[in-house]
Amino acid sequence: MSALNDLTIAQLRDGLKARKFSAREVADAYLAAMAKQRGLNAFILETPDVALAQAAASDAKLARGEAGSLEGVPLGIKDLFCTKDVQTTAGSHILEGFKPPYESTVSQNLFDAGAAMLGKLNLDEFAMGSANITSYFGPVKNPWKRKDGKDHVPGGSSGGSAASVAAHIVAGATGTDTGGSIRQPASFTGIVGIKPTYGRCSRWGIVAFASSLDQAGPMTRDVRDAAIMLGAMAGHDPKDSTSVPLPVPNYEAAMTGDIRGLRFGIPKEYRVDGMPAEIEKLWQQGIDWMKAAGAEPVEISLPHTKYALPTYYIIAPAEASSNLARYDGVRYGLRVPGNTLDEMYENTRAAGFGAEVRRRILIGTYVLSAGYYDAYYLKAQKVRTLIFQDFQEAWKKCDVILTPTAPSAAFGIGDKADDPIAMYLNDVFTVPVNLAGLPGMSVPAGLSGEGLPLGLQLIGKPFDEPTLFRVGGVLETAANFKARPGA
Amino acid sequence: MIIEGKTGSWEIVVGLEVHAQVVSQSKLFSGASATYGGEPNAQVSLVDAAFPGMLPVINGYVVEQAIKTGLGIEATVNEVSVFDRKNYFYADLPQGYQISQYTRPIVSGGRLVIDLPGDTTKTIGVTRLHLEQDAGKSMHDQSPTKSYIDLNRSGVALMEIVSEPDIRSPEEAGAYLKKLRAILRYLGTCDGNMEEGSMRCDANVSVRKVGATEFGTRNEIKNVNSIRHVMQAIEYEANRQVEALEAGETIRQETRLWDVARGVTRSMRSKEHAHDYRYFPDPDLLPLILDPEAIARIKTSMPELPDAKKARFVDAYKLSPYDAGVLVAEQEQADFFETVAKGRKDPKLAANWVIVELFGALNKKGVDVTNSPVSAKNLAGLLDLIENETISGRIAKDVFQFMVETGKDAASIVAEKGLVQVTDTGAIDAAIAKVMAENAAKVDEYRAGKTTLFGWFVGQVMKGTGGKANPAKVNEILKAKLSG
Amino acid sequence: MSLDPATVARIATLARIKIAPDEQVRIAGELNTILDWVEQLKMLDTSAVEPMTSTVEMVMPQRTDQVTDGGYPNRILANATEPVRVSATEEMGGFFTVPKVVE
Ligand SMILES: [Mg+2]
Ligand SMILES: [Zn+2]
């Protein structure tokens with residue numbers, strides 16, 4: 001039998017139920033793996049005591065035959081989810097030492113299903129980034145290395161989540177995705193990540209970045225695990241006014257393996273200038289796999305695609321500039337003294353926020369300010385409507401859309417760091433999905449010439465996650481992606 | 001009001017912004033208590049203190065209260081309205097923004113008819129009513145180096161009600177606030193208590209030469225906490241502006257504070273630097289969409305409001321507009337009066353008793369009608385005794401005094417004290433005979449033509465009967481006897 | 001629309017982030033790079049388009065008016081810098097503090 005930390009969530013679940021091993025043994029295996037991989041800097045805080053206590057509770061429940069859907073499964077929690085009495089930082093100095101007196105709905109849902117928390121995972125500061133290099137607690141390394149051994153970014157903002165899942169130091173992890181922060185790091189680390197439909201998972205207790213775009217989702221080693229985990233995370237929450245009161249389908253049961261007759265859209269505008277040939281090739285490979293499985297490709301047009309990124313880089317900073325106003329040194333987190341109230345605010349926020357967060361707050365403040373609102377913010381909201389309508393048109397022709405997840409494989413730590421726009425372009429294929437509120441999934445599909453993972457993205461209709469799991473399962477089987485980092 | 005200046009006559013132009021706290025159990029976007037008072041920071045949820053990841057969920061009853069109020073000021077209730085964030089930093093604003101309504105308020109375009117001296121009225125336009133969060137409270141006097149922050153008020157629901165600049169004098173401003181407060185209280189949507197801050201007023205004041213069509217530059221006087229102070233502040237500020245303009249100065253648009261102790265307005269330096277609130281729709285909330293049928297249902301359940309009630313009182317009870325106006329000023333007063341007056345032959349008598357005797361007594365005791373020691377039923381009982389001639393109007397006043405002191409009903413006091421009116425003509429005859437016998441000289445004077453003595457005889461007879469004789473009967477018999 | 005250092009200073013004040021004067025030029029440059037890039041949206045005619053604030057297509061839910069929260073000042077104040085307690089018993093509450101504000 002393989003090591004316990006090499007088992008998938010589904011295998012852990014079945015093995016625990018059959019009492020082949022205990023939750024305690026599983027937790028120990030993961031804690032050992034976590035200790036061995038500290039070099040990745042995937043965790044901001046390890047919580048072995050929490051994990052062991054939860055494992056003990058799970059063993060008691062398993063003994064009584066009362067297992068939840070994730071009973072005894074050790075997870076990592078992105079440090080954007082508030083966890084009761086456990087430090088929650090959002091990767092920022094300004095929240096260092098903050099212990100929320102409450103548990104986010106999503107992490108509570110996971111614990112209610114029997115999951116254990118190994119620790120709080122590193123991320124870009126306030127989830128602003130695509131490389132996990134803006135964290136106050138240092139960058140995360142991708143467990144995958146190029147052939148020459150150079151360190152690479154794991155993608156972001158859920159970089160700690162992606163790296164820890166890929167390195168088998170957690171069985172699965174929570175992520176959040178505002179413009180691609182689950183899917184792009186999933187693609188960069190060879191794992192599965194799904195951003196569900198906006199409104200599917202509660203945002204209550206998740207540190208807000210851009211409220212109209214933020215959505216939590218699972219990051220796992222395979223599609224089935226993502227289905228199991230999302231089933232536990234999702235659901236209506238009356239504490240979130242944007243949470244949709246729909247029942248949660250059985251996502252695992254949706255994985256029938258049968259996509260015959262399904263129409264999948266290929267958006268012509270996603271063939272962007274300068275896209276590497278290997279990405280183009282991977283995409284074509286995906287099309288061929290799906291055709292071989294009996295699905296029918298349809299060319300579609302999403303004409304406003306090229307406007308999605310600039311739209312996003314107005315809307316997200318605008319919302320963030322307001323969402324981050326509460327970090328003022330008064331009620332929690334960092335306070336840097338000042339002689340007056342305003343001086344205290346200015347000192348605290350200058351010292352507490354890193355360069356990228358400050359930059360986005362300033363941009364967001366500017367685009368909302370008097371005289372510029374119409375030209376920037378209102379304009380962006382109108383373009384958002386056009387992007388939304390593009391997808392509505394597309395759904396008349398197809399059931400699901402297939403694209404690459406990112407325009408490249410992972411890049412080296414330090415690359416693109418001084419060019420924000422080059423960095424922003426990482427999200428060119430993922431951002432439109434957030435703007436339209438749709439579900440999107442990244443499935444590992446192959447390796448780049450350098451030996452780094454590449455992912456394909458599936459985009460679904462609102463609340464049609466079941467189709468994403470069904471198609472994702474088929475792609476996964478076809479791709480047969482078995483490579484392991486450092487192997 | 002016109003201010004006669006050195007250079008000509010000036011007109012005052014005033015618009016009022018009222019912040020009215022919505023009557024509700026819990027806050028606008030959180031389940032924490034909205035009650036006044038409480039230990040510091042004890043009526044605060046994680047949402048009100050703006051902890052990371054906390055989200056607003058709107059209180060449906062508060063929405064209903066705003067609809068009711070909108071209907072009460074004859075305004076349009078908008079089927080779609082939007083909550084915006086008003087962004088600014090302040091110690092008592094934990095989110096760094098106030099959730100308010102900016103471009104699309106829940107209510108727009110209403111009107112209020114104000115009552116002015118001489119039974120005249122004037123209509124004041126109401127631009128809009130919107131819902132928003134209250135801020136917390138900063139206390140600056142507790143420490144030499146720090147301000148203390150209590151967030152108990154943070155997130156309490158407010159209605160901001162903005163008038164058109166239709167007000168032309170301090171008196172009109174006072175009448176506007178009184179009428180608005182009466183309507184809010186009738187509707188039960190705000191308790192109107194200015195001392196506790198559940199109704200606060202900002203006044204926008206400018207002046208212009210009589211006949212001018214352009215508005216002058218206005219100043220905003222913030223948070224004045226009584227109607228009297230609003231009137232004084234407007235009067236002061238208008239005169240100050242006229243003096244400044246006539247001295248060749250220009251008025252700088254600014255926020256000013258009413259200094260109660262000195263009776264002046266002064267510039268608020270803390271509000272001086274330019275604001276840029278960066279309003280945008282709150283992405284944590286969806287548009288507020290109202291069901292027209294729900295609005296219609298609220299409309300049918302609206303209580304009778306002061307103006308309608310006043311008209312009905314004048315019509316049904318034949319009261320003077322003035323008396324009716326006094327009675328309807330508070331719903332409890334009007335209800336009290338109606339309980340007393342209902343089915344009575346002489347409702348005006350009831351109005352007199354309520355306005356003169358009852359309100360006089362309550363005033364002396366410093367209580368309002370809801371705490372009256374004389375219940376409406378008991379006052380009605382007293383009037384019954386007058387109408388069926390059990391007691392005289394004079395005796396009734398004594399009985400009323402006992403009722404005020406003891407809270408007992410009129411009939412038991414009358415029985416206890418033996419105050420039943422004497423209508424038995426035999427007893428009255430005897431009393432008259434006795435007075436005439438003892439004052440033969442006066443009887444002669446009367447008969448010789450000094451008829452002004454009649455009142456004196458009445459008094460003597462009443463005295464002889466301990467005040468219990470029926471005065472009408474005494475008059476009738478005495479007149480006959482004296483005429484010989 | 002190009003952003004000058006004075007505008008950077010103004011928005012930094014609005015956002016309450018201290019920026020040293022010698023940083024203003026550099027930051028103006030960074031922000032202009034991004035603003036020039038988003039400028040491309042101007043090419044789109046959106047005169048007939050409604051702005052979109054949310055992708056959620058449902059009526060906003062409303063709470064019933066009940067007191068369901070609050071009453072835990074000790075939790076509210078637990079993470080604060082320099083709070084002032086009213087009394088030793090935590091349930092009594094207390095205050096957050098800030099540098100003294102002069103009005
Ligand atoms: Mg105002
Ligand atoms: Zn207001």
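To find a chain, count down the sequence lines: A is the first, B the second, and so on, and within it residues start at 1.
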For [X], is it the side chain, the backbone, both or neither that has a heavy atom under 4.5 Å from a heavy atom of chain C?
X: A351(A); result: neither
X: T348(A); result: neither
X: L362(A); result: both
X: D419(A); result: neither
X: Y307(A); result: both

Among Y313(A), Y424(A), F388(A), which residue forms the greatest number of heavy-atom pairs with chain C at distances under 4.5 Å?
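The residue among Y313(A), Y424(A), F388(A) with the greatest pair count is F388(A).
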
Who among L386(A), T197(A), V367(A) has the most heavy-atom pairs with chain C under 4.5 Å?
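Sorted descending by pairs with chain C, the first entry is L386(A).
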
Between R331(A) and A80(C), is there a donor-acceptor pair closer than 3.5 Å when you use the side chain of the first and the backbone of the second?
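Absent.
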
Between R16(C) and E346(A), is there a donor-acceptor pair closer than 3.5 Å when you use the side chain of the first and the backbone of the second?
no

Could you grab the distance from atom [atom1] of [X] to atom [atom2] of [Y], nearest 0.5 Å is fine?
X: E30(C); Y: I421(A); atom1: CD; atom2: CD1; value: 11.0 Å
X: I17(C); Y: N347(A); atom1: CD1; atom2: CG; value: 12.0 Å
X: M52(C); Y: S212(A); atom1: CE; atom2: OG; value: 9.5 Å
X: I34(C); Y: Y366(A); atom1: CD1; atom2: OH; value: 12.5 Å
X: E57(C); Y: Y198(A); atom1: CD; atom2: OH; value: 13.5 Å
X: M58(C); Y: S241(A); atom1: CE; atom2: OG; value: 7.5 Å

Side chain from CB out, backbone as N, CA, C, O: work out which of these in A78(C) comes under 4.5 Å of a heavy atom of chain A, or both, or neither.
neither

Below 4.5 Å from any heavy atom of chain A, which atoms of R63(C) appear? Answer side chain, backbone, both or neither.
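For R63(C), neither part sits under 4.5 Å from chain A.
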
Considering all heavy atoms, the nearest [X]-[Y] contact:
X: L44(C); Y: H304(A); result: CD2-CD2, 3.7 Å
X: P99(C); Y: G338(A); result: CG-O, 3.7 Å
X: G333(A); Y: T81(C); result: O-OG1, 3.9 Å

With a 4.5 Å limit on heavy-atom distance, are the side chains of W37(C) and L309(A) in contact?
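Result yes, sub-4.5 Å side-chain heavy-atom pair found.
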
Considering only heavy atoms from C-beta outward, does the side chain of M60(C) approach that of T242(A) to under 4.5 Å?
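A side-chain contact under 4.5 Å is absent here.
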
Quick check with a 6.0 Å cut-off and a 45 degree axis cone: is K18(C) positioned over the face of Y345(A)'s six-membered ring?
no

In terms of heavy-atom pairs under 4.5 Å with chain A, which of [options] leads?
options: I27(C), T53(C), T46(C); answer: T46(C)
options: V56(C), I19(C), L77(C), V8(C); answer: V56(C)
options: T97(C), L41(C), V98(C); answer: L41(C)
options: R10(C), R75(C), E82(C), M43(C); answer: R75(C)

Criterion salt bridge (Lys or Arg N to Asp or Glu O under 4.0 Å) on E50(C) and K382(A), from CA distance to verdict
CA-CA 6 Å; E50(C) 282 294 312; K382(A) 290 179 171 183; over 6 Å; no

Does the pair I363(A) and L35(C) meet the rule for a side-chain contact (heavy atoms from CB on, under 4.5 Å), with working shown?
CA-CA 8 Å; I363(A) 285 280; L35(C) 291 170; 4.1 Å; yes

Under the criterion side-chain contact (heavy atoms from CB on, under 4.5 Å), I'd like the reasoning laid out for T340(A) against K100(C): C-alpha separation, chi angles, the key distance, then a yes or no.
CA-CA 7 Å; T340(A) 63; K100(C) 194 177 180 77; over 6 Å; no

Walk me through it: do T55(C) and R384(A) pass the test side-chain contact (heavy atoms from CB on, under 4.5 Å)?
CA-CA 10 Å; T55(C) 57; R384(A) 187 175 183 181; 3.6 Å; yes

